[in-house]
A.B. asks: 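Submitted below is the structure of interest, expressed as structure tokens.
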Amino acid sequence: MSPPPDPPASLLVEALAGPGFGIDTGFAAPALVHGLAAAVARRDGAGEFRAAAVGAGRNRAVRPQIRGDRICWLLNADDDAERAVLSRLDALRLELNRTLMLGVVDFECHYAIYAAGARYARHLDRSPRGAERVVSLVLYLNDDWGPADGGELVIAADDREVVVPPAAGTLAVFLSQRFEHEVRETRRERASLTGWFRRRPSLGVDL
Ligand code: OGA
Ligand code: MN
């Protein structure tokens, strides 16, 4: 008997294999989004968020004109919503390894809150945490996001800009080393979970 065929690759796998970025506007159902938004509010209330810094080493500094969000690294899942999202993303990681042989062994993520007026200037997700980042992922947690709210993610693709409203349940993924991107100034508080699939650190040799 022949082995069962592989399940069809998901939308996001196809997108990463093709253009190198993809948007799934229906990745997370409202219940999961609301559970995560509640976790953000709880952790923010408990003082777990810090102003995000830019740069590395001696140049590391909080520069809100460049990057104005505050973040909370998600080190341990605290509740069902956090366990659920981490398990969904781990399934995606394994699927990428199986179908595209990306060899991503690790995942790191933080929540981010952009207060009204905050933005993140155009950048590449490379430093300071290194070249191990292969895929960037952002899951948005904002109900009823409209065009007047701003705060879009803009991915600089080869010949155009891809504009992604940070609407509840949308997951954006892109190859970390390939696409510069920015967060336009938001006019409303904007919450997300941002993470990276990472490969093993190299031994100082860039292959
Ligand atoms: C980041 C980032 C994009 C977004 O945190 O590095 O680019 O839409 N976030 O929040
Ligand atoms: Mn980024």
Side-chain angles (χ1 to χ4, degrees), residues 12 15-16 20-28 33 36-37 39-40 43-44 48-56 59-75 85-86 89 92 104 106-147 149-157 160-198:
L12 294 172
L16 285 170
F21 61 85
I23 318 298
D24 181 351
T25 56
F27 181 82
V33 170
L36 294 172
V40 166
R43 289 176 179 274
D44 194 31
E48 293 183 30
F49 281 70
R50 295 279 175 277
V54 293
N59 294 324
R60 194 162 174 76
V62 174
R63 297 174 67 188
Q65 303 87 337
I66 297 177
R67 177 173 188 181
D69 59 332
R70 60 188 196 277
I71 64 172
C72 166
W73 287 95
L74 182 50
L75 304 176
V85 79
L86 292 180
L89 293 174
L92 177 59
V104 282
D106 183 27
F107 179 61
E108 61 178 358
C109 63
H110 63 61
Y111 291 117
I113 300 174
Y114 289 73
R119 62 192 292 265
Y120 192 164
R122 183 165 165 158
H123 65 281
L124 207 54
D125 285 349
R126 192 173 274 158
S127 60
R129 288 174 92 92
E132 292 82 41
R133 289 175 167 178
V134 176
V135 178
S136 302
L137 308 97
V138 194
L139 175 63
Y140 299 104
L141 309 176
N142 311 294
D143 280 333
D144 305 318
W145 201 266
D149 295 324
E152 299 92 348
L153 167 69
V154 182
I155 301 171
R160 67 200 169 104
E161 292 192 327
V162 179
V163 178
V164 186
T170 293
L171 179 71
V173 303
F174 54 91
L175 295 174
S176 306
Q177 310 289 317
R178 208 163 112 196
F179 295 101
E180 293 193 346
H181 54 283
E182 71 175 294
V183 177
R184 287 183 180 158
E185 181 176 331
T186 185
R187 290 179 207 104
R188 229 181 89 186
E189 186 170 281
R190 170 197 196 271
S192 59
L193 179 69
T194 304
W196 295 269
F197 292 147
R198 306 193 315 170

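What you see is a predicted model, and the numbers here were worked out from it, not measured in a lab. Atoms within each ligand, like the ligands themselves, are counted from 1 in listed order.
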A.B. asks: Could you tell me if the side chain of W73 sits less than 4.5 Å from the side chain of E108, heavy atoms only?
C.D. replies: yes

A.B. asks: Hey, is the main chain of A191 close enough, under 3.5 Å, to the side chain of N142 for a donor-acceptor pair?
C.D. replies: yes

A.B. asks: Between D69 and R119 (salt bridge meaning N to carboxylate O under 4.0 Å), is one present in this structure?
C.D. replies: no

A.B. asks: Might you point out which heavy atoms bring R190 and G151 nearest each other, and give the distance in Å?
C.D. replies: NE-O, 2.7 Å

A.B. asks: Return all protein N, O or S atoms below 2.8 Å from the Mn ion (ligand 2), chain by chain in residue order.
C.D. replies: H123 NE2, D125 OD1, H181 NE2

A.B. asks: Using heavy atoms and a cut-off under 4.0 Å, could you grab the residues that are in contact with ligand 1, chain by chain, numbers ascending?
C.D. replies: R67, Y120, H123, D125, V138, Y140, L153, H181, V183, R190, T194, W196

A.B. asks: Only one of L193, T194, L139, V138 forms a side-chain contact (heavy atoms from CB on, under 4.5 Å) with C109, so which one is it?
C.D. replies: L193

A.B. asks: If you take all heavy atoms of F21 and A157, which pair is closest and at what distance?
C.D. replies: CE2-CB, 3.8 Å

A.B. asks: Could you tell me whether the side chain of H181 reaches within less than 4.5 Å of the side chain of V162, counting heavy atoms only?
C.D. replies: no

A.B. asks: Any salt bridge linking D125 with R133? Criterion: basic side-chain nitrogen under 4.0 Å from a carboxylate oxygen.
C.D. replies: no

A.B. asks: Can you tell whether the side chains of R43 and E48 come within less than 4.0 Å, N to carboxylate O?
C.D. replies: yes

